[in-house]
Amino acid sequence: MNYLASWIHSSLAQALGWTLAHFVWEGAALALMLAAGLRLFRYAPARWRYAMAGAILGAMPVAFAVTLAVMRAQQPAATPWHWTPGLAIPVADAGIGPAPRFTVQGILDRLAWLAPFWMLGVVFFYVRGMAGWAAVNRLRRRGVCSLPSEWQARLDELAARLRIARPVVLLESCFTDTPVLIGYLRPVILLPLGCLTGLSAGQVECILLHELAHVRRHDYVLNLMQGLVEGLLFYHPAVWWVSRVVRAERENCCDDAVVELVGDARSYAATLARLEQRRALSPQAALAATGGNLMKRIRRLTLEPRRTQSSAAPAVTAGLLLVLFAACLAALPAKLPIPKRTRSPKSVLMAVPPQPAQKSQARAADLATPYRKWLDEDVAYIIEDGERTAYLKLVTDDERENFIEQFWKRRDPTPDTVQNEFKEEHYRRIAFANEHFASAVAGWKTDRGRIYITYGPPDAIASPDARTIHWTYRFIDGIGNHVVIDLVDSQGNGEFHMTKDPHFAQAAAPQAKLGVSVTVAAATPGVIGVGDVLRVGMLTAQITPPPDSSLVQVDAVILKQKAFIEGLLRRYQPSFPEVLKAQDELRAFEQHRDELEKAQNSGLTYQIQDSQATVLPDGKISVAGAGEIVAAGLTPYQLEAALDSQLGRRPSCRVSIEQSASHTRMVTVNVALEPSGEHFHVFGEVTTLAHRVVQSFDADVNGQATVFAKTVPLRVGIYRLVVVVKNPATGVVQNSESEITVD
Amino acid sequence: MPAKPNQLPRPTDAELEILTVLWSLGPSTVRDVHETITRRKPMQYTTVLKMLQIMAEKGLVERNEEQRAHIYSASRPREWTQQQLAGDLLQRAFGGSAKSLMLGALSAQPASRQELAELRQFLEQYEKGTL
């Protein structure tokens, strides 16, 4: 007590007391400036507002320190307390002193008593902060689980795109309920368990980009420093308010960074909204009493483009801030020398950007011609999907140049030499195709050109007549041995189409690729008889007809999920033209994806005109458009069901899903098979919406069985189930695709 | 032997890691668990096996012996353990301060009922494409 009492009367305590008191108005003035600035720059980009708020927050401790220095300098003179040891002890013991003086002077004299309480507060906040920091660091080791390496690889790719040199680690944690970033030198992104289920790959990428933006902007360290300021000046509400503004604007900055990279503010906003909903769904989620700030962020994101500011505004703001500042100076007590606090408003002014906002919205899908041509012509057949998407997301021409160089380098069979044999051979093939296969269409675009460019010169060429060519490859990687491709010039104009049947290729009208649903019109009722088996979609057509009827080919092109097609190709290796056709579909799907999405969302319907069915001399019937092909937003599964009902036949494979109510969620997949006395091979795959395989099964079912059941454990979430039933004898494949919701 | 649910012991840090893997992957074999853990840090296969056996005895995990490779699953959902661990003093006392040190895509403060309703409305509009 004695020590405290004597310390209270030291000049440091006196100075501190005065400083604490002065900072009350200083902090308020700084916060007012920020409020005025924010009001004027309502529509400015987040990074300017962030800079402004950050500068004000930084100015606060500076103001505090400057005031303290000034007070110390003048303290001996300013101290009205004349302390004598004899008086001190009774004063301290009595608490307030024998004769409390409630005059202004009396209170001012006792300001020094603020100092110890303030110090206690600072110690409390700093200790609490350190304990919190320790708790956070424990999160990187406790209750974490690594994710499949694909995700880590994806994250590294994104980090490279943001030019982040430090390695960022991606983990799942059972302690957080929202994705978070921790650590500065070795940053870790923690995703809540099960976060990846139920979000699409694109959505997860958005979230990762947001966290990476934090890494890149050094936000973790800045946030720590912010915590130090908060702890130091904890007693002033204005400090907490400014700090909150800084936090909010920091998130806005990262949001902007993500939108700039992804390009679609709405889908990003939807991702955030969905994430928040998922958090609220978890059993122990506590709802906040007052509204959070997410809706504000979403509004901000979706109300783009924002109103731009008149160019006079910055000048007006600067003027206003100056006036405000002058007013503050005028309000200074006369005896206080003007501290060097000018620094703080100045930094505010410097943070005020010289001209109004203009969003760099310019970058869109407008690739400059040579780069577009490179993608669509030069490497159209050999670029992989991942590469294509990566390329389309590049922003500057330098990046594209770099990408193209890397693209060839990756394929160079002899990376040590200057020559890139792969690239040379590729361009030679294109030149060859253009020279030899050109007709009305450029050589590289023809079927022959495409095959030649993709697979090289055939090992043997046979031409039984002027309109038919057979190309034979001894081996094609991923397809098989002794591949024969039939090319037919059906129109006599020099353009050869790859086909098994002369009319097959014609039937596949390119527009039809948009089709999703097929209705077989009543115009040709006799052609498709009950009992015919129709294979729909990519693996389409051509089944055994009744003996007296003729072979029917229905070319119904349906929208297939990309992963689904790929999975099918991988497992069932259909014949060569089917592979190429599937690849075409994929490509068309990619190109029309946006259009399709729009159409599906707004419920538009595409209609494609049909053509007449023709009876060929050999008794076969080719139906180029046996009916209308109508795209109406159906899934392939629904489409097949529609076709089945149209033709009055039962599907040979029907999938139903049962969910057990017990604790571990078990889902039973029932596959009803048409009894045929034949063997079936059943393959099923449960994937998350992000295409991560969760469960798969595989079984041979003998002909007597009519039901095949498989029970798989699944965690809460939304999954996609694909079941493929194949009859190995006939090669007929039936597939179904459905969604499972486990809750 | 299976302990009553509310009497399950609190998992140690190492056990918690295995539980986390099980929650993340769903029911898995020892090999799956081992593979996932070694992606992050080296650990012997037999260590994982031994720990799973101990945890099965404690009742923290359940073992399905129908197939040749035994399949382990967490006996409680993730939320239960989180509540148990909320007893952890550090986490409880300083959770609030810890939250302000982490940077998340969502704010540390969850949404209110009213905001959730707004969010739902926004999502509906977004999905319909009328936004």
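What you are looking at is a predicted structure, and each value in this text was computed from that prediction instead of being measured.
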> What part of A:Asn223 gets within 4.5 angstrom of chain B, counting heavy atoms only: side chain, backbone, both, or neither?
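Just the side chain, heavy atoms under 4.5 Å.
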> Measure the CD-CD1 distance between B:Glu118 and A:Ile298 for me, rounded to the nearest 0.5 Å.
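The CD1 atom of A:Ile298 is 9.5 Å from CD of B:Glu118, to the nearest 0.5 Å.
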> So with a 6.0 Å cut-off around CD of B:Gln44, is the heavy-atom count from everything else above 12?
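Open.
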> So for A:Ala213, is it side chain, backbone, both, or neither that comes closer than 4.5 Å to the heavy atoms of chain B?
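Interface part for A:Ala213: neither.
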> At a heavy-atom separation under 4.5 Å, does A:Leu171 approach chain B through its side chain, its backbone, both, or neither?
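The side chain, not the backbone.
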> Do A:Leu272 and B:Leu119 touch side chain to side chain, with heavy atoms closer than 4.5 Å?
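Side-chain contact under 4.5 Å: no.
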> Under 4.5 Å between any side-chain heavy atoms of A:Cys174 and B:Leu16, yes or no?
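Result yes, sub-4.5 Å side-chain heavy-atom pair found.
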> Output the distance between atom CZ (A:Arg274) and atom CZ (B:Arg120), rounded to the nearest 0.5 Å.
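If I round to the nearest 0.5 Å, the distance is 12.5 Å.
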> With sequence neighbours left out, what residues match A:Thr271 under side-chain hydrogen bond (donor to acceptor under 3.5 Å, both in side chains)?
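Not a single residue meets the side-chain hydrogen bond (donor to acceptor under 3.5 Å, both in side chains) criterion with A:Thr271.
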> Please check if the side chain of A:Ser146 supplies one atom and the backbone of B:Thr36 the other of a donor-acceptor pair under 3.5 Å.
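At least one qualifying donor-acceptor pair exists.
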> Does any backbone or side-chain atom of B:Leu25 lie under 4.5 Å from a heavy atom of chain A? Answer side chain, backbone, both or neither.
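It is both, since atoms from each part get that close.
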> Please classify the contact between A:Ile182 and chain B as side chain, backbone, both or neither, with a heavy-atom cut-off of under 4.5 Å.
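Side chain only.
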> State, yes or no, whether a side-chain contact exists between A:Val144 and B:Arg40 at a heavy-atom distance under 4.5 Å.
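Result yes, sub-4.5 Å side-chain heavy-atom pair found.
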> Taking B:Asp13 as the fixed residue, which of A:Arg138, A:Arg141, A:Arg142 is the one that meets the side chain to side chain donor-acceptor pair (under 3.5 Å) rule?
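Option passing the side chain to side chain donor-acceptor pair (under 3.5 Å) with B:Asp13: A:Arg142.
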> For each of A:Val136, A:Asp255, A:Leu193, tally heavy-atom pairs with chain B at distances under 4.5 Å, and name the one with the top tally.
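Most pairs with chain B among the choices: A:Leu193.
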> So does A:Arg186 have more than 12 non-hydrogen atoms from other groups sitting under 6.0 Å from CZ?
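Counting other residues, nucleotides and ligands, CZ of A:Arg186 stays at 12 neighbours or fewer.
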